[in-house]
Amino acid sequence: MEGIMSGGVERNPDALDLARAAYRDISLYAPDRTPCAVDVSDNTNLFGVPPAVTRALASVDSAAVTRYPSLYAADLKGALARYAGVRPEEIVTGCGSDDVLDSAIRAFSTPGQAIAYPDPTFAMIPIFARMNGLTAMPVPLREDFDLDVDALLATSARIIYLCSPNNPTATAASVAAIKRVLAGASGLVILDEAYAEFHGAEFIGAAPAYPRLLVTRTLSKAFGLAGLRVGYAAGNAALVAEVEKSRGPYKVNGLAERAALAALTDGLVWSRARVQEVIVNRARFVEALRGRGLSALPSAANFVLVPVQDANAIATAMRKGGVAVRPFPALPRIGDALRITIGPWPMMETVLARLAETQR
Ligand SMILES: *Cc1c(COP(=O)(O)O)cnc(C)c1O
């Protein structure tokens with residue numbers, strides 16, 4: 001009772017015994033998210049949202065709020081299928097691609113099995129591994145930042161997670177390496193293409209032809225809808241059906257579905273133009289870094305990873321100057337680095353100025 005009244009988590013030791021044992025080691029996902037004038041820390045669309053989405057949200061009627069949304073987002077699946085070049089039954093949606101990843105991991109593994117992934121990669125994957133009772137098997141990227149295919153396959157993991165372009169390195173895996181993983185894997189392969197719009201190569205359209213491949217995507221990055229939480233996966237219809245069971249009904253809310261439909265139709269031209277702008281600004285930013293004696297890993301995404309001396313100290317100093325970047329201390333093979341999202345050029349100039357102040 002005391003614990004409940006005081007609201008203190010640590011005052012209720014029973015909670016730890018009541019919860020799954022594996023949950024003892026899980027902490028809440030907590031990157032520094034205090035508001036900052038210029039926030040280039042989370043790879044979202046720094047140009048805003050497609051105007052078509054703003055219009056769609058402004059014209060929402062009360063039925064979209066008082067009624068339940070569609071069970072499995074059928075209209076959205078249709079639009080995504082057209083966008084991805086697959087059939088609607090080869091698409092599953094979710095509350096962000098995080099939800100799709102978690103649902104897929106749950107659908108295709110049992111606690112005690114293993115998930116292998118390149119290291120470093122998307123920070124949520126080790127967390128999803130624990131949430132689902134899986135053994136995490138990180139496999140360092142090769143020196144050229146491509147996948148270590150032999151080491152990944154040698155894990156015999158139930159699930160192999162790949163991310164290309166990869167977060168946080170921004171580097172792309174080679175098509176040959178991905179195909180070798182697909183040919184040799186004994187379990188499910190998840191290929192996270194959250195940043196594929198900023199790269200050329202993609203597997204999503206071909207996903208249904210591979211019996212054990214699920215390709216995940218999101219509307220949080222290129223499409224600017226991170227706050228609405230819309231993600232999806234494409235794959236063989238039989239695989240997708242299992243993910244759909246695992247994720248459950250009503251996961252995409254009614255407003256999010258309308259906004260996503262607008263983004264994928266009238267909003268497409270806007271998003272494609274912003275992607276081109278990111279690619280141009282990315283090259284210009286990397287060039288400007290070089291002029292300041294810094295280099296970035298080769299980027300195929302809407303962000304760059306910049307190796308530095310002391311990532312935490314630099315990020316803290318930049319934050320005091322009103323710029324939020326994401327520090328990554330002690331990455332395997334890379335060491336300390338800053339992850340910086342690419343946005344409109346004036347914003348990038350502010351980032352460069354604050355960064356330069358820390359390098360003096
Ligand atoms: C941002 C990100 C996601 C999460 O996307 P949501 O759809 O917003 O959940 C998934 N994978 C990678 C690699 C990401 O960087």
Side-chain angles (χ1 to χ4, degrees), residues 28-29 31 33 39-46 49 53 73 76 80 83-84 91-106 115 117-129 131 138 141 145 147 159-173 178 189-199 201-204 214-234 243 247 251-253 256-257 259-260 263-264 271 275 278 297 299-305 324-326 328 331 337-343:
L28 295 181
Y29 187 62
R33 298 240 37 107
D39 190 339
V40 291
S41 72
D42 63 7
N43 303 343
T44 47
N45 192 323
L46 299 174
V49 296
V53 169
L76 179 55
L80 288 167
Y83 176 69
I91 294 278
V92 54
T93 63
C95 180
S97 58
D98 279 359
D99 179 38
V100 179
L101 289 165
D102 182 38
S103 301
I105 291 169
R106 193 163 52 245
I115 179 167
Y117 49 85
D119 188 24
T121 197
F122 186 35
M124 288 303 295
I125 298 306
I127 298 175
F128 289 141
M131 282 165 63
L141 282 171
F145 304 112
L147 303 169
I159 299 177
I160 296 179
Y161 168 90
L162 310 174
C163 185
S164 183
N166 185 44
N167 181 4
T169 58
T171 53
I178 294 170
V189 178
I190 298 175
L191 174 59
D192 187 333
E193 288 192 338
Y195 301 99
E197 277 87 359
F198 303 96
H199 185 43
E202 56 177 31
F203 270 79
I204 194 159
L214 208 58
V215 175
T216 62
R217 289 279 187 104
T218 179
L219 271 73
S220 298
K221 309 288 162 61
F223 288 97
L225 302 190
L228 289 171
R229 317 300 302 120
V230 184
Y232 60 104
V243 182
R247 70 141 237 186
K251 280 297 189 81
V252 178
N253 74 68
E257 183 170 14
L264 291 161
S271 301
V275 165
V278 164
L297 269 59
S299 171
N302 67 337
F303 61 92
V304 291
L305 190 72
V325 297
R326 179 80 180 268
F328 285 88
L331 290 173
L338 302 176
R339 196 189 65 193
I340 300 173
T341 312
I342 303 296

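Just so it is clear, the model here is predicted, and its values are computed rather than measured. Every number for a ligand or one of its atoms is a count from 1 in the order of the listing.
A distance of 5.5 Å separates CG in L147 from CG in L162, rounded to the nearest 0.5 Å.
Residues forming a salt bridge (Lys or Arg N to Asp or Glu O under 4.0 Å) with D119 (at least two apart in sequence, or on another chain): none. Scored by the ring pair (Phe, Tyr, Trp, His ring centres under 6.0 Å) test, Y161 finds no partners at all (sequence neighbours excluded). Residues passing the side-chain contact (heavy atoms from CB on, under 4.5 Å) test with A300 are P165, A172, H199, sequence neighbours excluded.
Aromatic ring centres of Y117 and F122 lie farther apart than the 6.0 Å criterion allows.
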Just list the N/O pairs, ligand 1 to protein, that are under 3.5 Å apart, with the distance for each.
from	atom 1	to	atom 2	distance (Å)
ligand 1	5 (O)	S97	OG	3.0
ligand 1	7 (O)	S97	N	2.6
ligand 1	7 (O)	S97	OG	3.0
ligand 1	7 (O)	T218	OG1	2.5
ligand 1	7 (O)	S220	OG	3.4
ligand 1	8 (O)	S220	OG	2.6
ligand 1	8 (O)	R229	NH1	2.7
ligand 1	8 (O)	R229	NH2	3.4
ligand 1	9 (O)	S97	N	3.2
ligand 1	9 (O)	D98	N	3.0
ligand 1	9 (O)	D98	OD1	3.3
ligand 1	9 (O)	R229	NH2	2.8
ligand 1	11 (N)	D192	OD1	3.4
ligand 1	11 (N)	D192	OD2	2.6
ligand 1	15 (O)	N167	ND2	2.8
ligand 1	15 (O)	Y195	OH	2.6
ligand 1	15 (O)	K221	NZ	3.1

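R229 places no side-chain N or O within donor-acceptor distance of the main-chain N or O of V252, the cut-off being under 3.5 Å.
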